[in-house]
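A short worksheet on the structure shown next.
Keep in mind the model is a prediction, meaning the values are calculated, not measured. Here, residue 1 is the first one in the sequence, and each next residue gets the next number. Both counts, for ligands and for their atoms, begin at 1 and track the order of listing.
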Amino acid sequence: MIKEWESVIGLEVHLQLKTGTKVWCGCSSEYDEQGINLHTCPICLGHPGALPKLNKKVVNYALKAALALNCKINKESGFDRKNYFYPDAPKNYQITQFEKSYAEKGYIEFKLNSGREVKVGITKIQIEEDTAKAIHAKNESYLNYNRASIPLIEIISEPDMRTSEEAYEYLNTLKNIIKYTGISDVSMELGSLRCDANISVMEKGSKVFGTRVEVKNLNSFKAVARAIDYEIGRQIELIQNGGKVDQETRLWDEENQITKVMRSKEEAMDYRYFNEPDLLKLVITDEEIENVKKDMPESRLAKVERFKTTYGIDETEALILTEEIELSEYFEAVVRNSGNPKISANWVLTEVLRVLKNKNIDIEKFSMSADSLAKIIKLIDSKVISSKIAKELFEICLVDLRDPEVIVKEKSMVQLSDSSEIEKMVDEVLVANQKMVEDYKNADDGRKPRVLKGIVGQVMKLSKGKANPELVNELILKKI
Ligand code: ADP
Ligand code: MG
Ligand code: ZN
């Protein structure tokens with residue numbers, strides 16, 4: 001009998017917080033490759049006797065994340081030492097929250113392409129410090145301690161996901177939610193978001209999870225999805241061939257699109273956790289939580305409401321425009337400069353999104369500035385160009401980054417609104433299309449508009465799209 005399998009996925013996400021200073025000292029938390037090892041002091045270099053002091057802003061940012069992710073805040077939590085010996089840990093331990101973390105029991109909700117809604121639990125979030133960055137070259141290794149003690153939060157999900165698509169959407173949603181809070185760049189490219197994936201398989205319907213494998217070294221959301229699919233396939237095949245999955249840590253090999261063993265359970269480290277004696281308990285008061293709530297930037301939901309009421313756009317449109325904060329900001333810049341929210345929403349939702357999709361890029365990489373698009377919209381709004389010409393102009397402005405008004409003049413794209421010139425064209429079309437004219441006269445009221453549209457189309461064609469369609473309409477009706 002062929003068995004059916006089900007996979008189980010849990011994700012661990014590390015986020016760097018953009019607090020400006022490190023978690024236990026006042027050193028800059030700007031991770032720059034230029035000034036290697038300049039953002040350091042005895043505390044973040046782990047000199048003996050140096051004492052850590054918790055950065056208040058870290059707690060503030062961490063609370064923002066916890067609230068945005070629907071977590072319960074623990075009034076009292078603490079810090080622990082995770083001991084291991086490796087050059088990237090200057091103290092030979094990492095300060096983290098092991099025994100009790102400041103936030104737990106949250107969730108993230110999202111919708112899949114199929115429309116199915118998914119809710120993934122968040123087990124807990126912990127505040128911790130980043131390690132130094134180790135760079136391994138051929139015969140030597142380098143360490144950049146600028147990264148040591150940059151504040152991190154680790155967001156640990158419940159093993160609630162079942163497919164790579166769910167994991168991918170979980171990460172996208174998490175990224176967008178956090179972006180709205182402004183606490184992190186949340187960029188895998190820049191290393192401010194890092195993700196490890198835990199994957200296991202079990203027979204479909206089983207109540208007991210299989211043994212999990214943890215995959216590290218994932219450098220994009222797509223890599224996470226591919227590594228999950230690879231692992232699911234590998235584990236099923238292994239079990240079907242009579243083997244069993246070992247609890248181990250594996251590395252994603254991007255070049256070969258496979259996972260490889262990094263360390264097995266036998267080699268797993270004993271971190272000998274114990275409470276950090278140099279830090280006080282972390283106490284969070286109701287007042288602090290209230291202050292953070294007041295201080296939270298506008299959430300996506302609030303933005304959706306605002307877009308609906310101030311710009312008169314519908315819910316579906318507002319949801320698309322706000323999914324990514326950058327797109328919502330681009331849209332608002334277009335509205336500000338064009339003064340017409342309706343046309344702006346239309347153009348961003350259709351033309352801009354179409355280009356982004358075709359080119360597979362984000363709005364940050366979009367070539368046309370909000371200012372340029374706003375100018376195109378103003379040209380439509382003031383009837384200087386027809387909407388048909390506007391589409392052409394839009395295509396041109398994707399590559400020609402000059403002022404759209406200059407381009408319109410240069411290419412003489414201005415809409416024809418001179419009625420005597422349009423009249424000549426209307427006459428020409430009416431003479432050449434007697435049949436259509438007859439057809440219009442004989443048509444009933446229901447069909448008339450459609451026939452008229454055909455005649456207007458002929459005139460538009462003759463004018464190479466430049467005639468003002470309203471005027472054309474008017475003149476035809478007058479003459480027919
Ligand atoms: P560790 O310290 O070993 O990384 P964590 O508690 O930090 O452990 O993270 C464990 C992660 O593994 C969580 O995201 C959890 O949801 C996930 N997980 C636990 N059991 C399984 C399983 N059987 N299959 C897949 N994922 C699992
Ligand atoms: Mg972990
Ligand atoms: Zn320091």
Side-chain angles (χ1 to χ4, degrees), residues 5-14 19-31 35 37-47 50-55 58 80 82 84 90-91 94-101 104-108 120-126 128-130 132 144-164 166-167 170-171 174 194-203 206-216 224 227-228 231-232 235 244-250 262-265 268-271 273:
W5 300 90
E6 192 171 351
S7 44
V8 173
I9 302 149
L11 298 177
E12 296 165 72
V13 171
H14 285 92
T19 43
T21 50
K22 292 186 176 180
V23 56
W24 323 118
C25 60
C27 291
S28 164
S29 62
E30 206 58 50
Y31 178 71
N37 288 324
L38 288 182
H39 307 320
T40 54
C41 74
I43 297 172
C44 57
L45 286 174
H47 289 190
L51 291 174
K53 215 162 84 189
L54 178 60
N55 179 345
V58 171
D80 305 280
K82 179 180 180 179
Y84 68 99
K91 300 187 287 287
Q94 179 197 31
I95 304 178
T96 178
Q97 294 197 289
F98 179 71
E99 206 182 289
K100 191 163 178 98
S101 55
E104 58 187 34
K105 299 194 181 83
Y107 61 88
I108 293 182
V120 175
I122 287 166
T123 317
K124 59 177 178 171
I125 311 181
Q126 58 208 32
E128 55 188 41
E129 61 182 328
D130 211 341
N144 188 350
Y145 288 98
N146 282 352
R147 205 179 71 178
S149 296
I150 285 182
L152 298 179
I153 50 173
E154 180 175 350
I155 303 165
I156 298 165
S157 89
E158 287 289 306
D160 284 348
M161 288 162 274
R162 294 292 173 269
T163 63
S164 58
E166 289 181 9
Y170 169 88
L171 289 171
L174 174 64
R194 303 193 283 272
C195 172
D196 303 330
N198 295 271
I199 304 134
S200 67
V201 299
M202 60 184 178
E203 268 184 55
S206 165
K207 293 270 181 303
V208 190
F209 288 169
T211 305
R212 75 179 156 112
V213 159
E214 180 170 351
V215 182
K216 291 180 178 292
V224 174
I228 288 170
E231 260 312 299
I232 293 171
Q235 292 179 19
K244 72 178 207 2
V245 175
D246 290 323
Q247 185 171 344
E248 60 192 7
T249 305
R250 300 176 73 89
M262 177 184 155
R263 56 172 178 255
S264 65
K265 199 180 179 182
M269 281 182 261
D270 173 6
Y271 293 118
Y273 284 100

*Start with the C-alpha gap between E12 and N198, add the side-chain angles, then the distance that decides, and say whether side chain to side chain donor-acceptor pair (under 3.5 Å) holds.*
CA-CA 8 Å; E12 296 165 72; N198 295 271; 2.8 Å; yes
*For S157, atoms of ligand 1 separated by under 4.0 Å from a heavy atom*: 13 (C), 14 (O), 15 (C), 16 (O)
_Is there a polar contact, in the sense of an N or O pair closer than 3.5 Å, between F209 and ligand 1?_
no
_Within-4.5 Å side-chain heavy-atom neighbours: Y170 and L11_ = yes
_Any side-chain heavy-atom pair of V13 and L174 under 4.5 Å_ = yes
*Where do K244 and D246 land on the salt bridge (Lys or Arg N to Asp or Glu O under 4.0 Å) test, with the steps shown first?*
CA-CA 6 Å; K244 72 178 207 2; D246 290 323; 3.4 Å; yes
*Value rounded to 0.5 Å, distance of OG in S101 from CD1 in I155*: 11.5 Å
*Do any of the N, O or S atoms of H39 sit under 2.8 Å from the Zn ion (ligand 3)?*
no
*Is the CD atom of E99 crowded by more than 12 outside heavy atoms at less than 6.0 Å?*
no
*Is the shortest N/O to N/O distance between E12 and ligand 1 below 3.5 Å?*
yes
*When you draw lines from the Zn ion (ligand 3) to SG of C44 and to SG of C25, what angle lies between them, to the nearest 10°?*
110°
*Can K82 be said to sit on top of Y273's aromatic six-ring, NZ or CZ under 6.0 Å from centre and within 45° of the ring axis?*
no
*Of the side chain and backbone of L11, name the one, both, or neither that has a heavy atom under 4.0 Å from an atom of ligand 1.*
backbone
*Can you list the ligand 1 atoms lying under 4.0 Å from a non-hydrogen atom of S200?*
22 (C), 23 (N), 24 (N), 25 (C)
*Atom indices of ligand 1, in the order listed, that fall short of 4.0 Å to a heavy atom of E158*: 16 (O)
*Do ligand 1 and I199 have nitrogen or oxygen atoms that lie under 3.5 Å from each other?*
no
_I'd like to check which ligand 1 atoms, numbered from 1 as shown, lie under 4.0 Å from a non-hydrogen atom of E214._
4 (O)
*Just go through R212, K216, E231 and tell me whose heavy atom is the nearest to atom 8 (O) of ligand 1.*
R212
*Begin from the C-alpha positions of R162 and E6 and carry the test salt bridge (Lys or Arg N to Asp or Glu O under 4.0 Å) through to its verdict.*
CA-CA 7 Å; R162 294 292 173 269; E6 192 171 351; 3.4 Å; yes
*Just which atoms of ligand 1 are under 4.0 Å from any heavy atom in G210?*
23 (N)
*Before giving the answer on salt bridge (Lys or Arg N to Asp or Glu O under 4.0 Å), spell out for E129 and K91 the whole-Å C-alpha distance, their side-chain angles and the decisive distance to 0.1 Å.*
CA-CA 12 Å; E129 61 182 328; K91 300 187 287 287; 2.9 Å; yes
*Pick one of side chain, backbone, both or neither for how N198 approaches ligand 1, counting any non-hydrogen atom pair under 4.0 Å.*
both
